[in-house]
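Heads up, the thing below is written out as structure tokens.
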Amino acid sequence: MLYALTAAAMSAPWLAFFAYLRRHPMLLGDGIDWAFVSHQRIRSVVGMVLYLLSAALGWLVSPLIGLVGIGVMIFFHAVTTEGMRRGRSRRRTPA
């Protein structure tokens, strides 16, 4: 439960970061579009909500369910990471 709460707390600053970025779009680098920013903001919200849910289920139902929730979140973040997608697309491009 403590790990899930800590992970949820670490997701919260990202929400503030993306809110600030929305108010100051000139901070976006060249080649970065709003779809990317929106995708990352949604990842933060989903991460925070699901980590909180994992903490609650781990405390109220079973610690094993909380651990499974944390495992799901690790997989979710790995699958939705833009850097991993870019890395895969580079490998597929013929030389």
Under 3.5 Å, sequence neighbours excluded: what are the donor-acceptor pairs made by side chains of residues 13-22?
none

Are [X] and [Y] grouped together when hydrophobic residues (ILVMFWY) are joined by side-chain heavy atoms under 4.5 angstrom apart?
X	Y	value
V45	L5	yes
V79	I74	no
I42	L50	yes

Next on the checklist: So for atom OH, which belongs to Y3, do other residues, nucleotides or ligands contribute more than 12 heavy atoms lying within a distance under 6.0 Å?
Outcome noted: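 Counting neighbours around OH of Y3, 12 or fewer heavy atoms of other residues, nucleotides or ligands fall under 6.0 Å, so no.
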Next on the checklist: So, taking the atom named CG in L57 and the one named CG in L64, what distance separates them when rounded to the nearest 0.5 Å?
Outcome noted: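 Interatomic distance, L57 CG to L64 CG, rounded to 0.5 Å: 11.5 Å.
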Next on the checklist: Using 0.5 Å steps for rounding, measure from the CG atom of L60 to the CE atom of M1.
Outcome noted: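 CE of M1 is found 9.0 Å from CG of L60.
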Checklist entry - Can you name the side-chain contact (heavy atoms from CB on, under 4.5 Å) partners of A7, sequence neighbours left out? => result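 Scan of A7 (side-chain contact (heavy atoms from CB on, under 4.5 Å), adjacent residues dropped) gives Y51.
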Contact summary for [X] and [Y], nearest pair of heavy atoms:
X	Y	value
V46	M73	O-CE, 4.3 Å
I70	S54	N-OG, 3.8 Å
G47	H77	CA-NE2, 4.1 Å

Next on the checklist: When you compare the side chain of H24 with that of L27, does any pair of heavy atoms fall below 4.5 Å?
Outcome noted: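 Contact flag for L27/H24 side chains = yes.
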Item to check | Members besides V68 in its Ile/Leu/Val/Met/Phe/Trp/Tyr cluster (side-chain heavy atoms under 4.5 Å) | outcome: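 Reading the cluster by chain and number, V68 sits alongside V72.
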Next on the checklist: Strictly distance-based, threshold 3.5 Å: is any side-chain N or O of S38 a donor or acceptor partner for the main-chain N or O of W34?
Outcome noted: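 Pair absent, no side-chain N/O of S38 close to backbone of W34.
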Checklist entry - Just by modelled atom types, is the Q40 backbone N or O under 3.5 Å from a matching donor or acceptor in the S44 side chain? => result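 Yes.
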